[in-house]
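I have a structure here, written as structure tokens, and I will follow up with some questions on it.
Proteins get letters first, then strands, A, B, ... in listed order; numbering begins at 1 in each. Source: prediction; values computed, not measured.
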Protein chains: 2
Amino acid sequence: MESLLRFIHALTIFSEESWIRLQPALSTQEFKKNEFLLKEGAVCQSLFFIEKGYCRSFHEIDGIEKNTAFYLENDIATNIRSFGSGEKSAASIIACEPLTAIVFDKVLLFEAARQTPEIEALGRNCIRLFAAKQDEFATLFNIYSAKDRLAYIEEKHPQLLQRVSQTQLASFLGVARETLSRIRKRRVP
Amino acid sequence: MESLLRFIHALTIFSEESWIRLQPALSTQEFKKNEFLLKEGAVCQSLFFIEKGYCRSFHEIDGIEKNTAFYLENDIATNIRSFGSGEKSAASIIACEPLTAIVFDKVLLFEAARQTPEIEALGRNCIRLFAAKQDEFATLFNIYSAKDRLAYIEEKHPQLLQRVSQTQLASFLGVARETLSRIRKRRVP
DNA sequence: TACATTTTGTGACGATCGTCACAGGTAGAA
DNA sequence: TTCTACCTGTGACGATCGTCACAAAATGTA
């Protein structure tokens with residue numbers, strides 16, 4: 001819980017009273033490895049603040065899982081399209097390790113936000129932060145090659161490489177596992 | 001202005017009074033073809049509601065422009081990362097035709113939002129909508145090949161193909177102009 | 001320890017892509 | 001109309017990628 005409070009204070013102004021009023025919308029949930037936080041076809045009703053462990057978001061295309069994001073400690077995980085619109089999610093989110101998350105319930109969060117402007121601002125800032133991250137990675141795919149994408153991840157998100165397998169990373173970078181292996185080999189002269 | 005009002009009403013509940021209170025944050029701006037709405041290195045202070053014409057967002061990498069988005073009539077154009085965080089924008093936005101936009105000034109919008117909850121909700125919904133669109137296209141790049149990306153655009157966004165040149169589209173799809181030409185040729189028979 | 005499972009590296013080969021070069025087509029301006 | 005600038009198609013060629021196959025290495029479990 002302290003990690004969430006630190007996260008919130010880094011993001012926006014938040015009083016003790018707002019914190020108390022936020023509590024009804026929060027619950028702590030544990031997930032085993034390979035347990036789903038969100039399943040494809042379900043409507044995303046939650047924001048997951050990752051306290052311990054990590055998870056990944058993926059789309060299943062022709063029986064193959066294509067990773068679209070990793071969420072590590074102190075990240076917010078969700079499917080923004082489904083959460084925002086109430087449509088079914090096209091992606092799944094699954095725990096890659098035993099995972100502890102603080103879950104924001106959408107309905108209760110919106111209720112609390114109506115009463116408390118600081119909670120309203122928190123919600124808005126969470127979406128903004130999520131959108132900015134999404135923009136970062138969307139741009140990455142738009143303008144860089146797989147080789148350059150790897151270099152970018154190595155520079156800006158080295159924690160990812162410490163925890164994610166080559167297979168999972170290759171799927172995220174949008175190349176075959178073998179190709180990632182060769183990209184690595186090619187550059188280390 | 002009626003087009004903006006229709007856009008707002010489709011997005012959220014909005015009273016006559018909120019509309020009047022929103023006015024100080026709005027201004028209509030005309031752009032000539034190839035005029036910048038936002039230049040790389042500047043901080044994005046505006047949301048642009050596209051009333052007439054269209055524009056594109058691009059990054060310049062090694063002297064080559066890589067398109068990352070097109071914004072047509074009734075779209076909101078902005079750089080979400082710069083607008084949200086106040087950082088310099090890494091992307092530029094430029095008019096592809098003579099263009100008319102209704103500009104939301106960030107400072108005045110935030111002022112109006114503080115006074116009027118419906119304007120606050122409008123701002124939040126704009127960001128949400130923008131994030132959802134971004135998610136759509138980010139996913140497109142993550143999980144599909146250039147060929148499949150083209151098929152997706154043809155099915156879901158055919159208006160784009162009516163207005164954007166092959167050269168601009170190829171840059172957006174992330175392939176060479178010649179490759180797009182061959183993808184088209186390959187599938188037709 | 002021994003065994004099973006998962007992960008990673010690598011070779012071979014065909015498919016696709018980016019680049020360079022050039023030609024034809026189209027649209028707008030003088 | 002003529003000129004110019006831009007857009008599109010296509011051939012050639014080398015580079016890179018995806019796929020299949022198999023072996024080695026690492027990891028987890030009995």
Exercise for review: Starting from C1' on dT8(D), measure out to CG on L169(B) and report it in whole angstrom.
Suggested key: 13 Å
Check your understanding: Hey, is R21(B) close enough to E118(B) for a salt bridge, meaning N to O under 4.0 Å?
Key -> no
Review point. Pick the nucleotide of DNA chain D nearest each of A146(A) and R177(A); which residue has the one closer to the 5' end?
Key: A146(A)
Point to revise | Any F49(B) side-chain heavy atom under 4.5 Å of L26(B) side chain | key: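 A side-chain contact under 4.5 Å is absent here.
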Check your understanding: Could you give the CD1-to-P distance, from I183(B) to dT10(D), as a whole number of Å?
Key -> 14 Å
Practice item. Measure centre to centre between the rings of F48(B) and Y71(B), then say whether the value is under 6.0 Å. Key: no
Review point. Taking C-beta and beyond as the side chain, do I64(B) and F58(B) meet within less than 4.5 Å on heavy atoms?
Key: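 No, every pair of side-chain atoms sits at 4.5 Å or beyond.
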Check your understanding: Whole-Å distance between dG9(D) C1' and Q166(B) CD?
Key -> 11 Å
Study note, to complete from the structure: Heavy-atom contacts, protein to nucleotides 24-30 of chain D, under 4.0 Å, summarised as B (base), S (sugar-phosphate only) or - (none) per nt, yield -------
Review point. Does T167(B) place a side-chain N or O at less than 4.0 Å from the phosphate oxygens OP1/OP2 of dT8(D)?
Key: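 Yes, within the criterion.
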Exercise for review: Only one of I93(A), L37(A), L38(A), V103(A) passes side chain to side chain contact (heavy atoms under 4.5 Å, CB included) with S46(A); say which it is.
Suggested key: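 When I93(A), L37(A), L38(A), V103(A) are each tested with S46(A), the side chain to side chain contact (heavy atoms under 4.5 Å, CB included) holds only for V103(A).
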Review point. Is there a donor-acceptor contact under 3.5 Å from the side chain of S3(A) to the main chain of E51(A)?
Key: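 Side chain of S3(A) to backbone of E51(A): no pair is present.
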Review point. Looking at side-chain heavy atoms only, is the closest gap between H157(A) and E136(A) below 4.5 Å?
Key: yes
**Study point:** Bounds of contact between DNA chain C and chain A, in 5' to 3' order, using a heavy-atom cut-off under 4.0 Å
**Key:**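 Counting from the 5' end, contacts occupy dT8(C) to dA12(C).
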Practice item. Check whether any side-chain N or O of S171(A) sits under 3.5 Å from a backbone N or O of N67(A) as a donor-acceptor pair, and report yes or no. Key: yes
Exercise for review: Return the value, rounded to whole Å, for the distance between atom CZ of R184(B) and atom P of dG9(D).
Suggested key: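 So the two atoms are 7 Å apart, to the nearest Å.
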